[in-house]
> 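Starting off with a structure, shown below.
This is a predicted model, so every value here is computed, not measured.
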Amino acid sequence: MAVREEAVAREAEGEVWVSCKIPGKPTIRGSLTSKGISSDEVPEVTASEEFVVQEVTKNRITVSCPGENISCTFLSPYASFSHIHGKNVSYLDISSGGDLGVSSSTDQTFKVWETHNTEVKSVLEGHTRDVFSCKFFPSGQEVLSGGLDSLVKVWSVNDGSCLATMKGHRGSILDIAVVADGQNVISSGQDGTARLWDSAQGACIAVVDDSYSPINAIAVAEVGNAVNLGSPKETPSNREVGTEGKLVVLAREDKSLEGVSLHSRQSVFDFEGSDAFNCCTFISSVGVLAGGLDGNIIHVDIRNPKSAVETVSWSETPVLSLVPFRDTYVASYGNGTCYIPLKGSEQVLQLTGPNRQPVFQVAAWKKLVYTCCRDGFIRKYEIPDLG
């Protein structure tokens with residue numbers, strides 16, 4: 001099931017078009033209409049005959065489809081801001097302490113900001129072209145970045161200085177990941193390689209994977225003895241730290257999703273999807289999600305990767321990001337929709353705000369979810385208890 005917001009009612013009176021997509025059945029289309037705001041600031045909402053309004057509060061509306069055991073809650077952001085970048089916020093991350101955010105834009109700005117007041121703390125200058133990915137180190141004191149200039153960089157949060165620059169890719173950096181405490185980092189690129197780096201020295205330790213197809217996204221996690229990760233053929237460099245027991249998943253343009261042992265560099269599994277993969281994430285030590293260009297989200301168990309555990313589709317537009325959240329996940333799409341499915345039920349939470357503008361990235365911290373969008377806004381949502 002998917003409920004898709006076609007328009008956003010921003011005023012006291014307005015109409016929102018929604019559709020409910022159920023696999024194997026015709027799509028149900030209808031609308032919600034706001035007829036005003038009550039004295040306690042709750043909108044008065046009615047639904048067309050295709051839907052039933054179950055609950056309305058100041059910032060959320062829950063609707064269901066008659067005859068179907070399906071419901072969707074639309075949640076509005078409690079804060080939205082666009083002053084950090086001039087336009088098109090393409091990536092963001094939130095520090096482990098939740099106090100800082102980092103984001104980049106196609107206007108080539110790249111900044112660290114405080115989450116409680118959105119004031120810019122530091123401007124990171126050094127990339128010569130757009131930054132495609134930026135992530136905090138676990139300490140929250142450094143930021144890792146990669147972009148169109150083929151460079152991977154490490155930055156100081158406090159003064160914005162560049163601490164290290166890593167060169168070696170022959171094309172754009174498409175994704176990055178921090179290993180353990182950050183002494184090692186990984187990057188993937190348009191050139192089809194995934195590289196392991198010494199982040200302090202800025203030196204390449206190893207090419208973890210080298211294929212002909214661009215690696216659009218990577219995810220790293222500790223999997224322990226869940227699968228056979230093999231043993232290195234050669235003695236690892238003493239600069240390699242924290243790679244034991246870890247699996248790196250590579251989401252490629254050629255429709256393949258491959259798991260590679262970070263320590264031994266041996267392939268652990270190779271799964272073929274229905275279209276190019278744009279993003280991937282671990283949702284457990286054995287569970288991987290990957291989002292495709294065709295809108296499908298594939299759930300793969302790394303212990304039995306020959307077939308997908310589940311395939312879901314909340315939208316027919318490309319999946320742009322996947323982020324673990326509590327015991328479920330957040331998915332963002334090219335049509336501006338963001339979904340949080342409720343585990344073990346036919347309910348889904350949809351984050352509203354963008355009006356058909358792609359939501360490029362999602363970040364989560366405790367009860368908060370942040371999104372960045374082509375419309376230039378970063379949106380902040382407080383997620384209610386799911387259940």
> Check whether any side-chain heavy atom of Val143 sits under 4.5 Å from a side-chain heavy atom of Val157, and report yes or no.
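Of all side-chain heavy-atom pairs linking Val157 with Val143, at least one is under 4.5 Å.
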> Taking the side chain from Ser332 and the backbone from Val359, do they hold a donor-acceptor pair closer than 3.5 Å?
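Indeed, once roles are kept as given, a pair shorter than 3.5 Å links the two residues.
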> Would a hydrophobic clustering, with Ile, Leu, Val, Met, Phe, Trp and Tyr connected at side-chain separations under 4.5 Å, put Val286 with Ile298?
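Shared cluster, yes.
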> Between Ser267 (side chain only) and Val260 (backbone N and O only), is there a donor and an acceptor less than 3.5 Å apart?
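Looks like no, no N/O pair under 3.5 Å.
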> Once you round to the nearest 0.5 Å, how far does CG of Asp191 lie from OG of Ser172?
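Output value for this atom pair is 9.0 Å.
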> Using side-chain heavy atoms (C-beta onward) and a distance below 4.5 Å, is Thr328 in contact with Leu342?
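With C-beta onward as the side chain, the pair stays apart.
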> Closer than 3.5 angstrom, by distance alone: can the side chain of Thr243 be matched with the main-chain N or O of Leu262 as a donor-acceptor pair?
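Not confirmed, Thr243 side chain does not pair with Leu262 backbone.
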> Between the side chain of Thr352 and the main-chain N/O of Leu75, is any donor-acceptor distance below 3.5 Å?
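At least one qualifying donor-acceptor pair exists.
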> Is there a side-chain contact between His169 and Ser187 in this structure, where contact means two heavy atoms from C-beta onward sitting under 4.5 Å apart?
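SC-SC contact between His169 and Ser187 confirmed.
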> Strictly by modelled atom types, are Ser48 and Glu50 linked by a side-chain donor-acceptor pair under 3.5 Å?
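Yes, because at least one side-chain N or O of Ser48 sits under 3.5 Å from a partner of the opposite role on Glu50.
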> Are side-chain heavy atoms of Phe137 and Leu144 found at a separation under 4.5 Å?
yes
> Taking all non-hydrogen atoms of both residues, which atom of Pro232 and which atom of Ser264 are closest, and how far apart?
N-CB, 3.7 Å
> Given 3.5 Å as the limit, does a donor-acceptor pair link the side chain of Gln190 with the main chain of Arg170, or not?
no
> Within a radius of less than 6.0 Å around CD of Gln201, do more than 12 heavy atoms belonging to other residues, nucleotides or ligands occur?
no
> The criterion is salt bridge (charged side-chain N to carboxylate O under 4.0 Å, His left out); which residues satisfy it with Lys58, sequence neighbours excluded?
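Glu41.
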> Strictly by modelled atom types, are Ser313 and Glu316 linked by a side-chain donor-acceptor pair under 3.5 Å?
no
> Do Asp254 and Arg252 sit within salt-bridge range, that is, some charged N less than 4.0 Å from a carboxylate O?
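Answer for the salt bridge query: no.
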> Compute whether any side-chain donor of one residue and acceptor of the other, for Thr73 and Gln347, lie under 3.5 angstrom apart.
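The answer is no; no qualifying pair exists.
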> Is Asn278 reaching over with its side chain to a backbone N or O of Gly291, donor-acceptor style, under 3.5 angstrom?
no
> Between Arg195 and Val152, does the side chain to side chain contact (heavy atoms under 4.5 Å, CB included) criterion hold? Intermediate values first, please.
CA-CA 10 Å; Arg195 296 171 180 265; Val152 180; over 6 Å; no
> Are Val220 and Val300 connected in a single hydrophobic cluster, I mean Ile/Leu/Val/Met/Phe/Trp/Tyr linked by side-chain heavy atoms less than 4.5 Å apart?
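No, no single cluster joins them.
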> Given the rule that I, L, V, M, F, W and Y join up when any side-chain heavy atoms are under 4.5 Å apart, are Val248 and Val288 in one cluster?
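In one cluster with Val248: Val288, no.
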> Examine Leu124 and Leu100 and state if one hydrophobic cluster contains both, with Ile, Leu, Val, Met, Phe, Trp and Tyr joined whenever side-chain heavy atoms are less than 4.5 Å apart.
yes
> If you round to the nearest 0.5 Å, how far is CZ of Phe360 from SG of Cys372?
7.5 Å
> Hey, what's the ring geometry for Phe81 with Trp113, parallel, tilted or perpendicular (30° and 60° as the breaks)?
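Taking Trp113 first and then Phe81, their aromatic rings stand perpendicular (interplane angle over 60°).
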> For the residue pair Tyr333 and Tyr339, does the interplanar ring angle fall in the parallel (under 30°), tilted (30 to 60°) or perpendicular (over 60°) class?
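The rings of Tyr333 and Tyr339 stand perpendicular, inter-plane angle above 60°.
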> List the atom of Thr165, the atom of Lys153, and the distance in Å for their closest heavy-atom pair.
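Minimum heavy-atom separation between Thr165 and Lys153: OG1-NZ, 2.8 Å.
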> Do you know which two heavy atoms are closest between Ser64 and Pro66, and how far apart they sit?
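Where Ser64 meets Pro66 most closely, the heavy atoms are O-CD, 3.7 Å.
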> For residues Cys204 and Arg239, report the shortest heavy-atom separation together with the two atoms involved.
O-NH2, 3.9 Å
> Check this for me, if you would: do Asp385 and Lys367 make a salt bridge, where the nitrogen-to-carboxylate-oxygen distance has to be below 4.0 angstrom?
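Salt bridge: yes.
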> If you take all heavy atoms of Ser145 and Val131, which pair is closest and at what distance?
CB-CG1, 4.1 Å
> Keeping the roles fixed (side chain from Ser34, backbone from Pro43), state whether a donor-acceptor pair exists under 3.5 Å.
no
> Measure the CG-SG distance between Leu322 and Cys280 for me, rounded to the nearest 0.5 Å.
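If we round to the nearest 0.5 Å, Leu322:CG and Cys280:SG are 8.5 Å apart.
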> Other residues, nucleotides and ligands only: do more than 12 of their heavy atoms fall within 6.0 Å of CG on Asn225?
no
> Thr33 and Thr46: side-chain donor and acceptor closer than 3.5 Å?
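Thr46 and Thr33 do not have a side-chain donor-acceptor pair below 3.5 Å.
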> Going by the angle between their ring planes, with limits at 30° and 60°, are Trp155 and Phe110 parallel, tilted or perpendicular?
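Perpendicular: the ring planes of Trp155 and Phe110 meet at over 60°.
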> Between the side chain of Ser161 and the main-chain N/O of Ser156, is any donor-acceptor distance below 3.5 Å?
no
> Working to the nearest 0.5 angstrom, can you tell me the gap between Leu32 CG and Phe74 CZ?
6.0 Å
> Looking only at heavy atoms, which two atoms of Pro358 and Leu320 are closest? And how far apart?
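Here Pro358 and Leu320 meet closest at CB-CD1, 3.8 Å.
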> Is there a donor in the side chain of Ser211 and an acceptor in the side chain of Ser213, or the other way round, less than 3.5 Å apart?
no
> For residues Asp107 and Thr109, is any side-chain donor paired with an opposing acceptor at under 3.5 Å?
yes
> Within the 4.5 Å heavy-atom criterion, are Val362 and Tyr329 side-chain neighbours or not?
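Contact flag for Val362/Tyr329 side chains = no.
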> Would you check if there is a donor-acceptor pair between the side chains of Glu240 and His263 at a distance under 3.5 Å?
yes
> Could you tell me whether Lys135 and Asp175 make a salt bridge, using a distance below 4.0 angstrom between a side-chain N and a carboxylate O?
yes
> With side chain to side chain contact (heavy atoms under 4.5 Å, CB included) as the criterion, how do Asp130 and Gln108 come out once you've worked through the C-alpha distance, each side chain's angles and the decisive distance to 0.1 Å?
CA-CA 5 Å; Asp130 292 354; Gln108 297 189 7; 3.1 Å; yes
> Just by distance, do the side chain of Ser199 and the backbone of Gly182 share a donor-acceptor pair under 3.5 Å?
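Yes: the side chain of Ser199 pairs with the backbone of Gly182.
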> Working to the nearest 0.5 angstrom, can you tell me the gap between Ile378 CD1 and Cys373 SG?
10.5 Å
> Could you tell me whether the side chain of Phe269 reaches within less than 4.5 Å of the side chain of Val227, counting heavy atoms only?
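The answer is no, as the side chains (C-beta and beyond) never meet within the 4.5 Å cut-off.
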> Spell out, yes or no, whether Val241 and Val185 are grouped together once hydrophobic residues are joined by side-chain heavy atoms under 4.5 Å, including indirect joins.
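As far as the 4.5 Å side-chain criterion goes, Val185 and Val241 are not connected within one cluster.
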> With distance as the sole test, does Ser96 use its side chain to make a donor-acceptor pair with the main-chain N or O of Pro138 at under 3.5 Å?
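Here the side-chain-to-backbone pair exists.
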> Can a donor-acceptor pair be found between the side chains of Trp314 and Thr337 at a distance below 3.5 Å?
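No.
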> Rounded to the nearest 0.5 Å, what separation is found between the OG atom of Ser103 and the CD atom of Gln361?
11.5 Å
> Apply side chain to side chain contact (heavy atoms under 4.5 Å, CB included) to Glu44 and Ser38, showing your working.
CA-CA 7 Å; Glu44 298 176 3; Ser38 67; 4.1 Å; yes
> Start with the C-alpha distance between His127 and Leu148, add both sets of side-chain angles, then the distance that settles side chain to side chain contact (heavy atoms under 4.5 Å, CB included), and finish with yes or no.
CA-CA 8 Å; His127 281 287; Leu148 191 58; over 6 Å; no
> With side chains defined as the heavy atoms from C-beta onward, is the minimum distance between Asn59 and Tyr381 less than 4.5 Å?
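Not touching, per the 4.5 Å side-chain cut-off.
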> Looking at side-chain heavy atoms only, is the closest gap between Lys380 and Thr118 below 4.5 Å?
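Counting from C-beta outward, Lys380 and Thr118 never come under 4.5 Å.
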